Structure formats: C-alpha cells, structure tokens
Amino acid sequence: MEPDIILNVVTTLTVLGGLLFAIFEVQNMRARRRQSAALALVRSYQTPEFSNAIVKTLNIPNGLTRKEVEGQLKGDLDGVWLLMTTWESLGILVHHREISLKLVEDFFSGPITLSWLKFQTLVEEMRRELDRETYFEWFQWLAERVMERETSLPPVPAHIEYHDWRF
C-alpha cells in the first residue's frame with residue numbers, strides 16, 4: 001500500500017474514533033445530568049414546609065376561590081404558593097426535557113393532580129384579575145400531562161407493579 005493511502009486510513013480512523021468518543025461522552029454527560037436532577041429533586045422537596053403544604057392542600061375542598069382558600073387556611077397561603085411555584089418549576093423542567101415526566105410522576109403524580117383540582121379556580125381567578133393568561137401556565141400544563149397519561153394508563157402503585165423486582 002502507498003503511504004498516503006495508509007495515512008488517510010489512519011486519519012479517518014482517528015477522526016471516527018474521536019467522533020465516537022465524543023458521542024459517548026455527551027451521552028454520559030446527559031445521564032449524569034439526569035441523575036443529578038433526580039437527586040436534587042428528592043432533596044429539594046424533603047422539607048417540613050413542603051410536606052406541610054401538601055397536607056394542608058389535601059385537606060381543603062376542590063375548586064375554591066381565593067377568598068375561600070384563604071378562609072380554609074386562615075389566611076396562610078404560603079404553602080399554596082410553595083406548591084404552585086414548585087409545580088410550575090417542575091413543569092418547565094419537564095417541558096425542556098431536563099427531567100422526565102415519568103420521574104416527576106413517580107414522585108408527585110398524586111399531589112400535582114390534586115393540587116390542580118384544588119387550585120384551578122384560584123389560578124383562573126388570578127389570571128382574570130391580573131389579565132395574565134400565563135400565570136401558573138406550567139403548573140396547569142404539568143397537571144394536564146399527568147392527568148392525560150393517567151387516563152390512558154391508570155397509575156399502578158409501585159408495590160404492585162414491581163412486586164417481583166429483585167436486586
């Protein structure tokens with residue numbers, strides 16, 4: 001073989017090897033980022049304030065106006081804002097594919113859908129008052145995605161779905 005053909009083959013193989021390595025590293029980086037996001041998700045929502053907000057939310061009726069929510073919670077809306085801004089943030093992250101909808105559903109499908117049922121009237125009222133349709137848009141989007149998936153694939157509790165899971 002001629003030296004320039006050998007050199008071209010070696011160069012091509014080197015470039016191809018570099019390209020394959022780059023693809024592998026990008027996939028690795030994405031996997032690490034998803035894992036980091038999942039860990040951050042767990043840590044950030046394991047607070048007494050977050051747990052308290054969920055408990056308070058679950059104990060009020062669906063579809064209340066802002067005044068009715070304030071009455072039910074004796075004026076303390078901090079937990080309401082905490083939950084709605086949390087769901088809003090998660091909606092954005094899911095939409096931008098920073099975290100998967102499946103992961104969010106595994107953690108929070110019940111609280112997200114129940115929160116939307118509780119606060120939909122409140123959100124719609126706020127949108128009218130502020131003349132801002134985008135108010136808590138990602139919270140609504142996320143809740144609707146979760147509810148859509150649950151309509152076509154009813155949620156199966158982990159202890160049932162994975163009862164045969166082994167190490």
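All of these numbers come straight from a predicted model, not from anything done at the bench.
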Check for me, please, whether [X] and [Y] land in the same ILVMFWY cluster - side-chain distances under 4.5 Å, paths through other members count.
| X | Y | result |
| --- | --- | --- |
| Leu90 | Trp81 | yes |
| Phe21 | Leu16 | no |
| Leu130 | Val123 | yes |
| Val156 | Tyr162 | no |

Value rounded to 0.5 Å, distance of [atom1] in [X] from [atom2] in [Y]:
| X | Y | atom1 | atom2 | value |
| --- | --- | --- | --- | --- |
| Leu73 | Thr57 | CG | OG1 | 7.0 Å |
| Leu103 | Leu93 | CG | CG | 10.5 Å |
| Arg145 | Glu105 | CZ | CD | 11.0 Å |
| Ile60 | Leu122 | CD1 | CG | 8.5 Å |
| Phe119 | Leu114 | CZ | CG | 10.5 Å |
| Thr113 | Leu117 | OG1 | CG | 6.0 Å |

Do [X] and [Y] have side chains that approach each other closer than 4.5 Å (heavy atoms only, starting at C-beta)?
| X | Y | answer |
| --- | --- | --- |
| Glu25 | Asn28 | yes |
| Leu101 | Leu142 | yes |
| Leu82 | Asp78 | no |
| Lys74 | Asp76 | no |
| Gln120 | Gln140 | no |
| Leu77 | Glu70 | yes |
| Trp141 | Ile92 | no |

Heavy-atom closest pair, residues [X] and [Y]:
| X | Y | value |
| --- | --- | --- |
| Pro61 | Lys118 | O-CD, 3.8 Å |
| Ala143 | Ile112 | CA-CG2, 3.7 Å |
| Pro111 | Ser115 | O-OG, 2.6 Å |
| Thr121 | Leu64 | CB-O, 3.6 Å |

**Q.** Audit row: Arg30, Arg97, side chain to side chain contact (heavy atoms under 4.5 Å, CB included) steps and yes/no
**A.** CA-CA 11 Å; Arg30 286 181 180 159; Arg97 301 186 194 291; over 6 Å; no

Quick check against the 3.5 Å criterion: does [X] have a side-chain atom that pairs as donor or acceptor with the backbone of [Y]?
| X | Y | result |
| --- | --- | --- |
| Glu68 | Thr65 | yes |
| Ser109 | Asp106 | no |
| Arg127 | Arg132 | no |

Q.
Going by ring pair (Phe, Tyr, Trp, His ring centres under 6.0 Å), name the residues that satisfy it together with Trp165, two or more places apart in sequence or in a different chain.
A. Phe167

Q | Residue list, ring pair (Phe, Tyr, Trp, His ring centres under 6.0 Å) with Trp116, at least two apart or on another chain | A | Phe139

Q: Tell me, yes or no, whether the heavy-atom count around Asp131 atom CG, taken from other residues, nucleotides or ligands under 6.0 Å, exceeds 12.
A: no

Q) If you draw a 6.0 Å radius around NE2 in His96, do more than 12 non-hydrogen atoms from other residues or ligands fall strictly inside? A) yes

Q | Passing candidate, ring pair (Phe, Tyr, Trp, His ring centres under 6.0 Å) with Trp87, options Phe136, Trp138, Phe50 | A | Phe50

Q | Residues which pass side chain to side chain donor-acceptor pair (under 3.5 Å) with Glu88, listed by chain and number, not counting sequence neighbours | A | none

